[in-house]
Undergrad: 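Have a look at this one before I ask anything.
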Number of protein chains: 2
Amino acid sequence: MTARGVFTRHGLRHTRQRQAIYEALAATKEHPTADELFRMVSPRTPGLSLATVYNTLEAFCEVGLAMRIASTSNGKRGTGSARYDATVDNHLHLRCQQTGAVIDVPDELSQRLLDRIPSELLAELEAKLGFKVEQVQIEFVGCFDGGHTKA
Amino acid sequence: MTARGVFTRHGLRHTRQRQAIYEALAATKEHPTADELFRMVSPRTPGLSLATVYNTLEAFCEVGLAMRIASTSNGKRGTGSARYDATVDNHLHLRCQQTGAVIDVPDELSQRLLDRIPSELLAELEAKLGFKVEQVQIEFVGCFDGGHTKA
DNA sequence: GTACGTGCAAAATGTTTGCATCATT
DNA sequence: AATGATGCAAACATTTTGCACGTAC
């Protein structure tokens with residue numbers, strides 16, 4: 001499916017900027033922040049502005065083309081930036097405590113864990129608490145041996 | 001255990017402010033933001049400043065007395081504030097998509113799900129990816145029937 | 001008495017918005 | 001032509017920090 005097609009199907013206009021941002025986000029297995037994405041895409045997209053990256057990512061999230069991943073901390077103390085993920089189906093994340101980097105758990109492992117979540121449990125949550133679960137987010141927080149962040 | 005004792009054991013000095021903040025955080029099942037906590041505690045703690053609430057919460061997180069919970073969004077678009085949780089053992093959270101509120105999943109349900117995470121799976125993660133898991137964070141994102149946020 | 005915590009206001013992020021202009025439909 | 005996207009700069013919200021003072025040990 002062409003990027004243009006993806007946008008149209010989701011009711012978004014096609015622009016150079018959106019295409020570049022979408023391609024970059026879909027291509028990486030890391031989960032870049034808006035700023036990282038800006039720096040990745042900017043050289044190939046003259047005149048791109050950071051605000052557009054934010055707006056575009058927000059638009060993607062609204063139509064379900066991307067997901068925002070919150071950050072507890074960016075390595076040291078403090079709040080980090082949001083990260084974005086073009087993979088929309090449920091999957092697990094690994095978050096590095098030191099750097100704040102987030103990468104995917106390999107599909108096979110993700111699936112094995114997700115398969116073990118009993119659906120009665122979700123049903124019970126809905127029944128007991130009146131809460132409709134739309135999405136399950138699972139994250140393993142820890143660190144890479146030696147502190148590097150690439151898998 | 002007296003609050004003073006808890007602090008001492010964790011190498012923190014005891015102050016009126018810290019005690020008040022800790023008590024408030026430990027007493028609630030909701031997971032307040034720094035600002036919410038400030039407004040809860042402030043009336044009973046003359047001259048408390050928001051900066052102290054932030055500093056204190058950060059100190060608590062560092063010694064393991066509290067946890068920071070990141071927020072993807074605060075209901076509508078945008079970044080919300082971090083939330084804090086005095087319950088340190090692994091448990092699950094419910095996050096309301098509309099309001100950003102976070103509450104705990106009842107222990108019984110939490111435990112049932114956590115028990116189903118095979119420990120070989122964690123071992124495999126460590127072996128295959130060289131990632132040491134310190135903490136598992138699980139969150140159900142969705143909404144309460146009717147959009148209210150109290151359980 | 002010393003080291004650490006506090007309060008204030010100012011700085012540092014990270015993110016959103018108003019508005020004029022430009023591109024897509 | 002009309003609607004919506006972009007870019008810039010300014011506004012915003014959240015969190016952190018520098019410094020003078022106060023307090024716990």
Undergrad: Hey, does the side chain of B:Tyr54 come within less than 4.0 Å of D:dT16's phosphate (OP1/OP2), counting only N and O?
TA: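 Checking B:Tyr54 against D:dT16: no side-chain N or O falls below 4.0 Å of OP1 or OP2.
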
Undergrad: What pairs with B:Ser49 under side chain to side chain contact (heavy atoms under 4.5 Å, CB included), at least two apart in sequence or on another chain?
TA: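 Side chain to side chain contact (heavy atoms under 4.5 Å, CB included) check on B:Ser49 returns B:Ala51, B:Thr52.
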
Undergrad: Please confirm whether the shortest side-chain N or O distance from B:Thr15 to OP1 or OP2 of C:dG5 is below 4.0 Å.
TA: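 No, no such contact exists.
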
Undergrad: Of the non-hydrogen atoms in B:Arg116 and B:Arg112, which two are nearest, and what is the gap between them?
TA: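 Between these two residues, the closest heavy atoms are CG-O, 3.1 Å.
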
Undergrad: Rounded to whole Å, please give me the gap between NE2 in B:His10 and P in C:dC4.
TA: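 In whole Å, C:dC4 P and B:His10 NE2 are 18 Å from each other.
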
Undergrad: Could you tell me which residues satisfy side chain to side chain contact (heavy atoms under 4.5 Å, CB included) with A:Glu126, sequence neighbours excluded, listed by chain and number?
TA: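 Once residues adjacent in sequence are excluded, the partners of A:Glu126 under the side chain to side chain contact (heavy atoms under 4.5 Å, CB included) criterion are A:Lys132.
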
Undergrad: Could you go through residues 38-47 of chain A and list every donor-acceptor pair under 3.5 Å that involves a side-chain atom there, pairing it with any protein atom two or more places apart or in another chain?
TA:
from	atom 1	to	atom 2	distance (Å)
A:Arg39	NH1	A:Asp35	OD2	2.5
A:Arg39	NH2	A:Asp35	OD2	3.2
A:Thr45	OG1	A:Val41	O	3.1

Undergrad: Run the side chain to side chain donor-acceptor pair (under 3.5 Å) test against B:Glu120 and tell me which residues pass, sequence neighbours left out.
TA: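 Result, side chain to side chain donor-acceptor pair (under 3.5 Å) vs B:Glu120: none returned.
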
Undergrad: Rounded off to whole Å, could you give me the CZ-to-P distance for the B:Phe7 and D:dC25 pair?
TA: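 Distance, rounded to whole Å: 11 Å.
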
Undergrad: Quick one: B:Phe60 CZ to C:dG5 C1', roughly how many Å, whole number?
TA: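 It is 12 Å, rounded to the nearest whole Å.
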
Undergrad: Whole angstrom is fine here: how far is it from CG in A:Leu37 over to P in C:dT15?
TA: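 Between P of C:dT15 and CG of A:Leu37: 12 Å.
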
Undergrad: What is the distance from CD of B:Gln19 to P of D:dC25, rounded to the nearest Å?
TA: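 Rounding to the nearest Å, CD of B:Gln19 and P of D:dC25 are 11 Å apart.
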
Undergrad: Examine D:dC25: is either OP1 or OP2 under 4.0 Å from a nitrogen or oxygen in the side chain of B:Arg4? Give yes or no.
TA: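 Affirmative; the distance criterion is met.
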
Undergrad: Round to the nearest Å and state the distance from B:His14 atom NE2 to C:dG5 atom C1'.
TA: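 Distance, rounded to whole Å: 13 Å.
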
Undergrad: Kindly assign one of parallel, tilted or perpendicular to the pair B:Phe7 and B:Tyr22, based on the angle between their ring planes and the thresholds 30° and 60°.
TA: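 Geometry flag for B:Tyr22 against B:Phe7: perpendicular rings.
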
Undergrad: Could you give the CD1-to-P distance, from B:Ile21 to C:dG5, as a whole number of Å?
TA: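 Distance, rounded to whole Å: 13 Å.
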
Undergrad: Under 3.5 Å, which protein N or O atoms sit close to an N or O of nucleotides 7-10 of chain C? Give each pair with its distance.
TA:
from	atom 1	to	atom 2	distance (Å)
C:dG7	OP1	B:Gln17	NE2	3.3
C:dG7	OP1	B:Gly47	O	2.4
C:dG7	OP1	B:Leu48	N	3.4
C:dG7	OP2	B:Ser49	N	3.1
C:dG7	OP2	B:Thr52	OG1	2.7
C:dG7	O5'	B:Gly47	O	3.2

Undergrad: Looking only at atom types and distance, does a side-chain atom of A:Asp104 sit under 3.5 Å from a main-chain N or O of A:Pro106, one as donor and one as acceptor?
TA: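 The answer is no, because no donor-acceptor pair under 3.5 Å joins these two groups.
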
Undergrad: Name the nucleic acid region contacted by B:Thr56, choosing base, sugar-phosphate or nothing; use a 4.0 angstrom heavy-atom cut-off, strictly under.
TA: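 Since only primed, P, OP1 and OP2 atoms lie under 4.0 Å of B:Thr56, the category is sugar-phosphate.
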
Undergrad: Measure the angle between the two terminal helix axes of the helix from C:dG1-D:dC25 to C:dT25-D:dA1, five base pairs each, and quote it to 10°.
TA: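 Its terminal axes enclose an angle near 40°.
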
Undergrad: Output yes when a side-chain donor or acceptor of A:Glu36 lies under 3.5 Å from a complementary backbone atom of A:Thr33, and no otherwise.
TA: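 The answer is yes, because a donor-acceptor pair under 3.5 Å joins these two groups.
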
Undergrad: Any donor-acceptor pair under 3.5 Å linking the side chain of A:Arg83 with the backbone of A:Gly100?
TA: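 Present.
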
Undergrad: D:dT6 C1' sits how many Å from A:Arg18 CZ, rounded?
TA: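 So the CZ-C1' distance, A:Arg18 to D:dT6, works out to 10 Å.
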
Undergrad: Mapping A:Leu12 and B:Arg13 to their closest nucleotides on DNA chain D, which lands nearer the 5' end?
TA: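 Nearer the 5' end of the strand: A:Leu12.
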
